[in-house]
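Counting starts at 1 for both ligands and their atoms, in listed order.
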Amino acid sequence: MYSSKEIRNLTAVALGKKIADKEITSVQATNAYLEQIENTEKDINAYITVMKEKALERADFIDKKIAEGENWSNLMGVPMAIKDVLCMKDTLTSCGSKILGNFYPTYTSTAVENLLNAGVVVLGKTNMDEFAMGSTTESSYFGATKNPWDLTRVPGGSSGGSAAAVAANSCAAALGTDTGGSIRQPASFCGITGIKPTYGRVSRYGQIAYGSSLDQIGPMAKDITDCAAILEIISGHDCKDSTSANRDDTDFTSALENNVRGMKIGVPKDYFLDGIDEEVKTNVLAAAEKFRELGAEVEYFDLGMVKYAIPAYYIIACAEASSNLERFDGVKYGYRTPKFTDLNDMYKKTRSEGFGDEVKRRIMLGSFVLSSGYFDAYYVKALRVKALIKQAFDRAFEKYDIILSPVAPTTALKIGESLSDPIKMYLGDVYTVSINLTGIPAVSLPCGYDKDGLPVGLQLMAQTFNEKAAIKAAYSFEQSFKDNVRHSPMYE
Ligand code: GLN
């Protein structure tokens with residue numbers, strides 16, 4: 001008989017195996033995590049919705065199927081958390097916003113549907129920056145999420161609820177979404193592992209859109225093995241998303257190989273110049289040297305275009321957001337202002353009351369760059385810059401299998417620090433946004449700790465659809481870093 005604590009100390013894949021071997025039931029596992037949610041939620045606020053009854057009912061159903069000899073996947077019966085940007089039928093899907101504070105979708109997103117078909121148990125929906133716009137999870141209508149490593153700090157964002165839940169061990173693993181870094185940066189701030197897959201790898205059907213050309217769903221988990229297992233389940237072609245890719249190279253767990261011999265790794269020198277914390281730099285460069293020791297060829301090079309990534313990203317992301325968020329008008333679903341005089345007044349009041357400051361800022365910025373006088377000067381120019389950034393990465397990938405960099409210039413910031421200065425917050429995305437502009441995959445995993453004991457993240461990028469190279473490199477590094485890995489004080 002395993003104690004709740006012993007159950008929670010297992011990775012998702014290890015737990016899945018014990019459930020399949022009938023050593024642990026899914027109900028026991030679900031209870032173990034519900035207990036930890038109970039222990040930690042008042043401090044961290046990682047969840048918007050906890051689905052206690054539904055989760056236990058589902059776990060019981062899964063246990064019955066297992067007893068009948070069924071085996072749907074290596075994660076059958078494993079309890080997971082889902083970012084509240086992903087639609088789930090008859091379950092509140094708020095996107096962290098007041099305007100969707102009463103939205104119960106009539107359908108389930110494909111990524112979540114794939115998890116359900118694999119036998120995963122959903123514990124609840126996690127907190128996030130409103131409409132996934134932000135890097136701190138402070139802009140949620142449901143209050144800020146706190147970092148389990150230090151409750152005075154942010155967990156990162158926008159998938160901060162998912163990251164905090166994994167770091168506090170109040171779920172076995174989670175799904176996040178990444179438009180400009182929202183899986184990788186909170187993974188980095190919370191000392192966990194995440195993958196932003198290649199654009200098109202995972203269907204976006206049922207993901208509430210922020211920047212449709214940039215958005216991707218991905219795993220956030222205790223280690224790269226769990227991430228690979230989850231990605232294997234959620235990826236694949238979906239006729240409901242016209243940008244979803246039809247490929248058969250989704251056996252990501254086959255890439256979990258401890259061997260980087262001969263692998264070529266490029267480290268962009270221009271990522272280590274201004275504005276990076278000394279301790280982040282030291283830890284990331286030490287990781288690069290570790291790869292050399294492990295037999296990889298490590299080379300420093302100039303990537304170029306670095307300073308243009310943030311402006312191009314924010315123009316494109318806000319332009320797409322302003323158009324995507326037009327649908328929230330109080331007519332079809334979501335919040336509607338209680339008092340209004342006519343239709344225009346209803347739109348105006350609904351949107352004024354329903355959206356928070358950051359979302360309004362981005363709708364205004366996006367509408368501006370798309371307006372007729374400025375479209376060429378800003379939006380079209382940003383698209384050209386995006387093409388040049390893509391060229392810079394393509395050139396680098398002619399030489400290297402992996403590009404290695406920090407995830408963020410700092411470790412977790414203090415709560416409130418970036419609220420007064422949005423530009424500063426935007427600048428924190430300098431190493432992550434290019435990955436979305438170019439569509440390539442990247443892994444974020446812990447590589448060290450600063451003097452305050454806060455985790456430092458390492459980013460490993462690979463060429464389009466070559467998640468396997470990044471997974472292999474991450475697995476090899478993780479093996480060498482095993483003895484140094486720490487958990488947040490709330491984990492136990
Ligand atoms: N911080 C970035 C932004 O605010 C990225 C957010 C995301 O990836 N969803 O746009």
Going through the checks in order, is the salt bridge (Lys or Arg N to Asp or Glu O under 4.0 Å) test met by Glu398 and Arg395? CA-CA 5 Å; Glu398 275 167 23; Arg395 260 197 311 275; over 6 Å; no

Nearest non-hydrogen protein atom to atom 7 (C) of ligand 1, with distance, is Ser182 OG, 2.4 Å

Classify the contact between Tyr314 and ligand 1 as side chain, backbone, both or neither, using a heavy-atom distance cut-off of under 4.0 Å. side chain

Backbone or side-chain N or O of Gly181 under 3.5 Å from ligand 1 N or O: yes

Is there a salt bridge (Lys or Arg N to Asp or Glu O under 4.0 Å) between Glu279 and Lys451? Walk through the geometry before answering. CA-CA 8 Å; Glu279 286 187 282; Lys451 61 177 183 319; 3.6 Å; yes

Taking atom types as modelled and ignoring hydrogens, do the side chains of Asp429 and Ser135 form a donor-acceptor contact shorter than 3.5 angstrom? yes

So is Glu358 touching ligand 1 or not, going by heavy atoms under 4.0 Å? no

Considering only non-hydrogen protein atoms, determine which one is nearest to atom 2 (C) of ligand 1 and report residue, atom name and distance to 0.1 Å. Asp429 OD2, 3.2 Å

N/O of Gly157 under 3.5 Å from N/O of ligand 1, yes or no? no

Closest non-hydrogen contact found for Gly134 with Asp129 is C-OD2, 3.2 Å

Is the contact between Met128 and ligand 1 made by the side chain, the backbone, both, or neither, using heavy atoms and a 4.0 Å cut-off? neither

Within 4.0 Å of some non-hydrogen atom of Asp178, the atoms of ligand 1 are 8 (O)

Is it the case that Gln185 and Thr432 place a side-chain donor and acceptor less than 3.5 Å from each other? no

Hey, are Arg361 and Asp357 close enough for a salt bridge, meaning a charged N less than 4.0 Å from a carboxylate O? no

Looking at ligand 1, is there an atom of it that comes within less than 4.0 Å of some heavy atom belonging to Gly134? yes

When rounded to the nearest 0.5 angstrom, what distance separates CD1 in Ile233 from OG in Ser73? 4.0 Å

Checking the N or O distance criterion of under 3.5 Å, is ligand 1 in contact with Tyr313? yes

Answer with yes or no whether the side chains of Thr11 and Lys222 bring together a donor and an acceptor at under 3.5 Å. no

Out of all atoms in ligand 1, which are within 4.0 Å of some heavy atom of Met133? Include the element for each. 4 (O)

Spacing of CD1 belonging to Ile37 relative to OH belonging to Tyr47, to within rounding of 0.5 Å: 3.5 Å

For ligand 1, which atoms have a heavy atom of Ser158 less than 4.0 angstrom away? 9 (N)

Within the structure, does Thr177 bring an N/O atom to less than 3.5 angstrom of an N/O atom in ligand 1? no

Which atoms of ligand 1 are found less than 4.0 Å from any heavy atom of Gly180? 5 (C), 7 (C), 8 (O)

Just heavy atoms, cut-off under 4.0 Å: does Ala132 contact ligand 1 by side chain, backbone, both, or neither? both

Write down the atom of Ser203, the atom of Asp238, and the distance for their closest heavy-atom approach. OG-OD2, 2.6 Å

